[in-house]
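All of these numbers come straight from a predicted model, not from anything done at the bench.
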Amino acid sequence: MLWVVVELCLYLLNALNALNPNRHVEGPFDRHVKHHDCVSSTSKVPDYFDTTIGWYAGPTKTGAAPWLAQTNAAPFAGVSYIPNTPLETQMPIAGNVHNHNIFQRLANLSPYFPNPRGFGVLEYPIPFGSNVTWLNMVHRHGSRYPEISGRASERTLGKKIMDAMGKFRASGAMKFLNSWQFLLGAEILVPIGKQELFNSGTLHYYHYGHLFPNNGSKIIARSTTQRRMLESAEYFLSGFFGLGWTQNATLELVIESAEFNNTMAGYKLCRNSNWEVAYEAVLQWAGVYLKDAHNRITGDLEGDLDWTIEDTYNAQALCAYETIGLGFSHWCGVFTYEEWEGFEYSLDVGFSAGVGFQSPVGRAIGIGYVQEVLARMQHHVITSPSAAINLTLDNNTSTFPTWQSLNLDFSHDANIISILVAFGLTQFSGLLPLTHIKKDREFVLSYLEPFAGRLDIEVIQAPAPLSPKRERAGTGVYEKGEATSYVHFLLNQRTIPLGTSLKECGERDDGWCEMGAFLEVQQKQIELADFDYACFGEYEKGGYGDVMDGRPVRR
């Protein structure tokens, strides 16, 4: 047994040299594996397969327990009582004449729901004789508490209000604030977030259970070390396989921390960022759509509470976070339906400028993951340093399987948006004005990355070429020719038509792309990302709208 451990240690030590010599980024065990540690134990599994260590878990503050039996304001006056399921989302919203659900207007803060609109293409079944033979899923974590990192705007507002308690008096729609408390935790999953991932795992089993070999072998699933990421993967795998999922899958954790290569959190490695430009654009739009709301709120407040337009904006986020964390929030009823549409649009603006096509690092952040998908499709490891790829892991079939037909990864909203950009899906690249809501926009964050959003990439093998005009072909969908493989993108259960953005894929009714054409066009996308310059170069970021292709403008 000892020789096996020694051999493993030698591999680990040699693997450290596989990292980029020009920009040394530590591998997953640089900081905590030494030669003598390895040979002194015969039972320790490699750190990236150990889900019990807890290193690099990030902040893990637990919030107060919900108490809807006491705090739920339903039934509301004049509204029929509808039991909560499990969140209380029935609060009447002024101006909501069509009875829409504002919780599907919260952008990336929306609890998961399937995209109700689609992406401009019809949905077609797999034709008889064809088979889904491969899946690459990248899944956002479930609903969580607000963050501590970054601006931590919601926590800052909560502290501001709590510090001013007894110094102000609220009336009207804001009367609840007189006895309000900030009860939210930070960063980790809330209960509905756990349910979202379990439900998604169950759904994916119904769709793709046949891809699991069920021959005694295990697949490798990947997540990051953050607590909410680890638990999201575990809840998903429990939904897919059952509580005994460890008999069917091994969960690989890639360190999520600055200066570590990790394609599931590619922004961590990228030195350059465009979030400041994005936030300035968001506040500019907030000053437009929240003018009336701000006047209403400040008119209902008397005393020592300096309420700013930024506070009004952050109060909308509190509605989202209190609802998913505590089950109900009085903040939701403070705003009109039109103002909730404005809130959704503000985050569309923010993410398109922060990590989308209006960001100079939009492509760079996601391109490493794109390269991993292409490597998996073509059944090879990655042998050369590139983007945010962790070469220590991706150059080893034990940690980056090349013939696995079921690939399950877990990531973040910003990262997945950048992955869409890196794939070159330019249908989401339209500039969003800051003076009014662009109604016909394709970039609707509520539809792209709600909590627990997921991108499923299928490979479909057909016995012959499929007609690009499926609607006209009827039952005769096959054309003359040899067996052909197709790539099919599904984002939140709706097809993304690849030909809309990637002209090499052609105009197809089903939105699929012939695999050879897809692989060819993606090699061009890798070059377009301009990773080193985008993430580490010196350049002027410009203002909102100066960047339109997800990469720096070279002048």
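- Between F212 and F241, the distance separating the two ring centers is shorter than 6.0 angstrom.
- In this structure the side chain of S223 never reaches within 4.5 angstrom of the side chain of S232, judged on heavy atoms.
- When all heavy atoms are compared, the tightest approach of Y56 to S257 is CD2-CB, 3.6 Å.
- Side-chain contact between F410 and L230 is absent, with no heavy atoms from C-beta onward closer than 4.5 Å.
- With respect to E187 and R228, a salt bridge is recorded, a charged nitrogen being found less than 4.0 Å from a carboxylate O.
- Because its NZ or CZ atom is not both nearer than 6.0 Å to the ring centre of Y539 and within 45° of the ring axis, R554 does not count as a cation-pi partner of that residue.
- Here the closest non-hydrogen pair linking T133 and S405 is O-CB, 3.5 Å.
- The shortest side-chain heavy-atom distance between T51 and L253 falls under the 4.5 Å cut-off.
- Here the CG-CD1 distance, from L269 to I365, works out to 10.0 Å after rounding to the nearest 0.5 Å.
- The closest donor-acceptor contact from the side chain of S418 to the backbone of V355 lies under 3.5 Å.
- The CD1 atom of I460 lies 12.5 Å from the CD atom of E514; values are rounded to the nearest 0.5 Å.
- Under the 3.5 Å distance criterion, the side-chain polar atoms of N492 are matched with a main-chain donor or acceptor of L448.
- Counting only distance, with no hydrogens or angles, the side chain of N115 and the backbone of R494 share no donor-acceptor pair below 3.5 Å.
- Ring pair F351/W275: centre-to-centre distance below 6.0 Å.
- Within the 4.5 Å cutoff, no side-chain heavy atoms of M229 are placed close to those of T225.
- The number of heavy atoms from other shown groups lying within 6.0 Å of CD (E540) does not exceed 12.
- Taking the side chain as every heavy atom from C-beta outward, R454 and S200 approach each other to under 4.5 Å.
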Exercise for the section: Please assess D409 against R222 for the test salt bridge (charged side-chain N to carboxylate O under 4.0 Å, His left out), listing each intermediate value before the final yes or no. Expected result: CA-CA 5 Å; D409 294 331; R222 301 189 309 171; 3.0 Å; yes

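- Using bins of under 30°, 30° to 60° and over 60° for the plane-to-plane angle, the ring pair H139/H204 lands in the tilted bin.
- Enclosure of atom CD in E479 by more than 12 non-hydrogen atoms of other residues, nucleotides or ligands within 6.0 angstrom is indicated.
- Looking at C270 and F536, their side chains never come closer than 4.5 Å, going by heavy atoms from C-beta outward.
- Ion pair R271/E259 not flagged as a salt bridge, since none of the NZ, NE, NH1 or NH2 atoms sits closer than 4.0 Å to an Asp/Glu carboxylate oxygen.
- Judged by distance alone, with hydrogens and angles left aside, the side-chain atoms of N274 form a donor-acceptor pair with the main-chain N or O of A353 at under 3.5 Å.
- Residues I255 and Y48 form no side-chain contact, since every pair of their non-hydrogen atoms from C-beta on lies 4.5 Å or further apart.
- Taking each heavy atom of V277 and G542 in turn, the nearest pair found is CG2-O, 3.7 Å.
- A donor-acceptor distance shorter than 3.5 angstrom exists from the side chain of S501 to the backbone of Q427, with no hydrogens or angles considered.
- With rounding to the nearest 0.5 angstrom, the CZ atom of F400 is 5.0 Å from the CZ atom of R376.
- Between H141 and F451, the ring-plane angle classifies as tilted under the 30° and 60° cut-offs.
- The minimum heavy-atom distance linking R140 with N108 is given by the pair NH1-O, 2.6 Å.
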Exercise for the section: Would you check, one step at a time, whether the test side-chain hydrogen bond (donor to acceptor under 3.5 Å, both in side chains) holds for R363 with Q525? Expected result: CA-CA 9 Å; R363 288 180 180 266; Q525 302 304 317; 2.7 Å; yes

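- Across every non-hydrogen atom of I192 and S143, the tightest pair is CG2-CB, 3.7 Å.
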Exercise for the section: Give the C-alpha distance, both sets of side-chain angles, the deciding distance and a yes or no for side-chain contact (heavy atoms from CB on, under 4.5 Å) between I389 and Y369. Expected result: CA-CA 7 Å; I389 289 171; Y369 190 83; over 6 Å; no

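- A distance-only check finds no donor-acceptor pair linking the side chain of K218 to the backbone of Q247 [under 3.5 Å].
- In this structure, Q378 contributes its side chain and L374 its backbone to a donor-acceptor pair below 3.5 Å.
- Of the candidates R508, Q461, M515, Y486 forms a side chain to side chain contact (heavy atoms under 4.5 Å, CB included) with just one, namely R508.
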Exercise for the section: Would you please test Q104 and S446 for side-chain hydrogen bond (donor to acceptor under 3.5 Å, both in side chains) and show each step? Expected result: CA-CA 6 Å; Q104 294 182 1; S446 301; over 6 Å; no

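- Here the rule is side chain to side chain donor-acceptor pair (under 3.5 Å) with E458, and of W512, Y208, W134 only Y208 fits it.
- Distance check: T426 OG1 to E442 CD gives 10.5 Å after rounding to the nearest 0.5 Å.
- For N407 (side chain) and N136 (main-chain N/O), no donor-acceptor pair under 3.5 Å exists by modelled atom type.
- The shortest non-hydrogen separation linking L445 to L347 is CD2-O, 3.7 Å.
- The shortest distance between side-chain heavy atoms of L420 and L455 falls below 4.5 Å.
- With hydrogens and angles left out, the side-chain atoms of S386 and Q371 include a donor and acceptor closer than 3.5 Å.
- For F423 and F489, the ring centers sit closer than 6.0 Å to each other.
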Handout entry: Working for side-chain contact (heavy atoms from CB on, under 4.5 Å), residues M377 and V459
Key = CA-CA 8 Å; M377 279 185 172; V459 170; 4.2 Å; yes

Exercise for the section: Assess whether side-chain hydrogen bond (donor to acceptor under 3.5 Å, both in side chains) is satisfied between T495 and E123, documenting all intermediate values. Expected result: CA-CA 7 Å; T495 295; E123 305 289 345; 2.6 Å; yes

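- Using a 30° and 60° split on the angle between ring planes, F240 and Y205 fall in the perpendicular class, above 60°.
- Rounding to the nearest 0.5 angstrom, the gap separating the OG1 atom in T60 from the CD1 atom in I188 is 6.5 Å.
- The structure places CG of D394 at 6.5 Å from OG1 of T263, a figure rounded to the nearest 0.5 Å.
- Ion pairing between R227 and E231 holds under the 4.0 Å rule for side-chain N and carboxylate O.
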Practice task
Give the C-alpha distance, both sets of side-chain angles, the deciding distance and a yes or no for side-chain contact (heavy atoms from CB on, under 4.5 Å) between L237 and E234.
Solution key: CA-CA 5 Å; L237 293 171; E234 290 176 327; 5.9 Å; no

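- Between the side chain of N390 and the main chain of N261, a donor-acceptor pair closer than 3.5 Å is present.
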Practice task
Starting from the C-alpha separation in whole Å, work towards a yes-or-no answer on side-chain contact (heavy atoms from CB on, under 4.5 Å) for H488 and I457.
Solution key: CA-CA 6 Å; H488 180 204; I457 303 173; over 6 Å; no

Exercise for the section: Let me see the working for N215 and S217 under side-chain hydrogen bond (donor to acceptor under 3.5 Å, both in side chains), right down to the final yes or no. Expected result: CA-CA 6 Å; N215 58 6; S217 63; 2.5 Å; yes

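- Formation of a donor-acceptor pair under 3.5 Å by the S110 side chain with backbone atoms of A107 is found in this model.
- Taking the ring centre of F428 as origin, the terminal cationic atom of R441 falls outside the region bounded by 6.0 Å and 45° from the ring axis.
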